[in-house]
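Working notes for the structure below.
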2 protein chains.
Amino acid sequence: MSSTQEQQDRRPDTRERLVRSTQELLWERGYVGTSPKAILERAEVGQGSMYHHFAGKSDLALAAIRRTAEGMRETAEQCLSGPGTAYDRVAAYLQRERRVLRGCPIGRMTQDRDVVKDPELRRPVDEMFRWLQSRITEVLAEGQRRGELAAGLDPAATAAAVAAVVQGGYVLARAADDTAPFDAAVQGLLTLLAAQATPGTTTANDR
Amino acid sequence: MSSTQEQQDRRPDTRERLVRSTQELLWERGYVGTSPKAILERAEVGQGSMYHHFAGKSDLALAAIRRTAEGMRETAEQCLSGPGTAYDRVAAYLQRERRVLRGCPIGRMTQDRDVVKDPELRRPVDEMFRWLQSRITEVLAEGQRRGELAAGLDPAATAAAVAAVVQGGYVLARAADDTAPFDAAVQGLLTLLAAQATPGTTTANDR
DNA sequence: GTCTATATCCAGATAGAC
DNA sequence: GTCTATCTGGATATAGAC
């Protein structure tokens with residue numbers, strides 16, 4: 001909450017409204033599909049204000065992507081630092097509530113040429129996924145040290161698979177216009193992971 | 001090869017050139033990012049020709065997406081119907097040569113609102129991923145019947161995880177502008193899957 | 001800080017000549 | 001079948017008044 005006005009429970013200031021509108025639109029339509037006009041209409045802000053606060057579309061997108069990445073990081077951290085075994089925490093991350101058919105607001109950016117091509121715009125996306133994978137790696141490695149997970153498991157590779165299953169699950173679900181493939185992919189990975197857990201240390205797999 | 005001219009090793013006909021250009025552009029820029037003008041310039045074809053052969057952008061995109069989906073299906077089938085155990089065939093699919101940083105030309109379509117929203121455009125994408133998952137399911141189930149894979153494995157869920165790891169691997173790789181996360185995710189999944197294989201039936205895991 | 005006016009270029013398509 | 005001309009609207013930004 002960077003806005004003083006908002007802390008007083010009033011309408012967020014202009015700059016803040018612009019960032020939030022951009023976050024929403026980037027999620028819904030991607031970078032190419034989001035026009036400055038659409039942003040300022042959703043923010044109920046005039047064109048002059050927009051170009052006063054931001055240099056242009058990419059500048060605004062940068063602020064929005066940073067904000068969204070920060071939010072995702074906090075959400076993931078909550079799951080991964082929760083209670084239970086390493087398996088439980090990874091499962092909590094994989095199974096957390098998601099609006100699957102909307103896709104991942106950060107993952108989506110990687111499909112946008114203008115974002116990936118621009119080092120500044122790509123950076124927050126890169127950092128988010130880098131952090132996520134290393135955080136999951138930590139959780140898995142800790143599980144190994146505690147004897148919850150088989151020593152033969154490669155924490156980093158497994159972490160990459162976990163992150164990939166989520167991102168790929170979104171793709172499969174959107175293709176099918178159905179959340180089922182997402183859930184199936186998550187379940188498939190968790191079942192494989194459960195086989196690496198020392199008996200007695202893992203919450204029973206629901207399936 | 002639908003074109004007679006092409007079979008005689010000459011310049012593909014106009015219609016064919018348009019479809020191919022559209023395939024390339026959809027892969028590079030997605031649906032929203034691809035303009036009719038860009039298509040006809042790449043195809044070296046006049047605007048009149050384009051609107052003669054196709055009703056418009058979405059009609060052209062439909063032809064291009066169908067063609068690309070068909071190609072992907074053939075490529076996947078080659079890997080999945082190859083020699084070796086079920087594990088080997090799934091590994092062959094996961095590790096086949098890919099231009100990872102370009103992303104998946106079909107998976108990319110799921111990030112495009114105009115495609116997912118339009119039932120006709122979404123259908124070939126949906127069918128491709130549906131086929132892929134059921135084909136991998138078959139391979140895994142066959143492996144179980146042959147005693148190569150543990151009976152406790154859920155073929156459908158595991159197949160969804162396999163497809164998701166590929167699609168998600170693309171996302172992670174593009175975010176990092178580096179193929180390493182893709183390879184790591186694939187390796188992570190394969191290691192987990194190898195643990196489900198009956199000893200002696202699986203090619204040694206390289207790692 | 002915010003507004004309106006203006007400008008340039010491109011998207012996406014239609015019309016009708018050849 | 002292919003070409004050029006033309007059209008409407010939107011993308012993205014700048015200018016300068018208030």
Side-chain angles (χ1 to χ4, degrees), chain A residues 2-6 8 10-26 28-65 109 112-115 117-118 120-121, chain B residues 2-6 8 10-26 28-65 109 112-115 117-118 120-121:
Chain A
S2 57
S3 158
T4 298
Q5 303 220 347
E6 190 177 2
Q8 298 170 355
R10 303 209 279 112
R11 185 189 199 254
D13 65 23
T14 301
R15 197 189 152 87
E16 181 64 19
R17 296 179 60 77
L18 284 166
V19 171
R20 293 188 189 173
S21 298
T22 307
Q23 288 183 272
E24 292 173 16
L25 284 164
L26 287 181
E28 293 170 15
R29 312 185 181 189
Y31 185 80
V32 237
T34 297
S35 69
K37 191 185 176 195
I39 293 169
L40 54 86
E41 277 172 359
R42 182 168 301 205
E44 293 175 288
V45 152
Q47 192 162 14
S49 301
M50 180 177 139
Y51 283 101
H52 172 74
H53 290 287
F54 296 94
K57 179 179 171 175
S58 72
D59 188 31
L60 194 34
L62 181 59
I65 293 174
M109 296 297 101
D112 228 308
R113 213 177 186 230
D114 294 349
V115 172
K117 208 179 53 190
D118 180 335
E120 225 178 352
L121 288 178
Chain B
S2 57
S3 158
T4 298
Q5 305 220 343
E6 191 177 1
Q8 299 171 354
R10 302 210 276 112
R11 184 190 200 251
D13 66 22
T14 301
R15 197 190 152 86
E16 182 63 21
R17 294 179 63 76
L18 284 165
V19 172
R20 293 188 191 172
S21 298
T22 307
Q23 287 183 274
E24 292 173 16
L25 284 163
L26 287 180
E28 293 169 16
R29 312 186 181 186
Y31 185 81
V32 237
T34 297
S35 70
K37 191 185 175 195
I39 292 169
L40 55 87
E41 277 174 357
R42 183 168 301 205
E44 293 176 288
V45 151
Q47 192 163 13
S49 302
M50 181 178 139
Y51 283 101
H52 172 74
H53 290 288
F54 296 94
K57 178 178 170 176
S58 71
D59 188 31
L60 194 36
L62 181 58
I65 293 174
M109 295 298 100
D112 227 308
R113 207 171 191 237
D114 294 348
V115 172
K117 208 178 53 189
D118 180 335
E120 226 178 352
L121 288 178

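Residue numbering restarts at 1 for every chain, and letters A, B, ... go by the order of the sequence lines. Since the model is a prediction, treat every value here as computed from it, not as a measurement.
Distance B:R17 CZ to D:dT2 P: 11 Å, rounded to the nearest Å. With rounding to whole Å, A:L40 atom CG is found 13 Å from C:dT4 atom C1'. Between the P atom of D:dT2 and the CD atom of B:E44 lies a distance of 14 Å, rounded to the nearest Å. Between B:D114 atom CG and C:dG12 atom C1' there is a gap of 13 Å when expressed in whole angstrom units. With rounding to whole Å, B:L60 atom CG is found 15 Å from C:dA11 atom P. Whole-Å rounding puts the A:F54 CZ to C:dG1 P distance at 13 Å.
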Taking only distance into account, with no hydrogens and no angle test, what donor-acceptor pairs under 3.5 Å do side-chain atoms of residues 29-37 of chain A form with protein atoms, sequence neighbours excluded?
{"residue": "A:T34", "atom": "OG1", "partner": "A:L25", "partner atom": "O", "Å": "3.2"}
{"residue": "A:T34", "atom": "OG1", "partner": "A:G30", "partner atom": "O", "Å": "2.6"}
{"residue": "A:S35", "atom": "OG", "partner": "A:A38", "partner atom": "N", "Å": "3.1"}

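In terms of heavy-atom proximity, B:M50 sits nearest to B:L18 at CA-CD1, 3.9 Å. Contact record, B:E44 with B:R17: OE1-NH2, 3.2 Å, taken as the closest heavy-atom pair.
For the side-chain contact (heavy atoms from CB on, under 4.5 Å) with A:F54, the lone residue among A:T22, A:V19, A:I39 that qualifies is A:V19.
When the side-chain nitrogen and oxygen atoms of A:H53 are compared with OP1 and OP2 of C:dT2, one or more of them lie within a distance under 4.0 Å. The phosphate of D:dC3 (OP1 or OP2) has a side-chain N or O of B:S49 nearer than 4.0 angstrom.
In this view, A:L62 and A:R66, A:E120, A:L121, A:P124 satisfy the side chain to side chain contact (heavy atoms under 4.5 Å, CB included) rule, not counting sequence neighbours.
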Where protein sits on nucleotides 4-18 of chain D, one letter per nucleotide: B base, S sugar-phosphate only, - none, heavy atoms under 4.0 Å = BB-----SSBB----
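Under a 4.0 Å N-O distance rule, the pair A:E16/A:R20 qualifies as a salt bridge.
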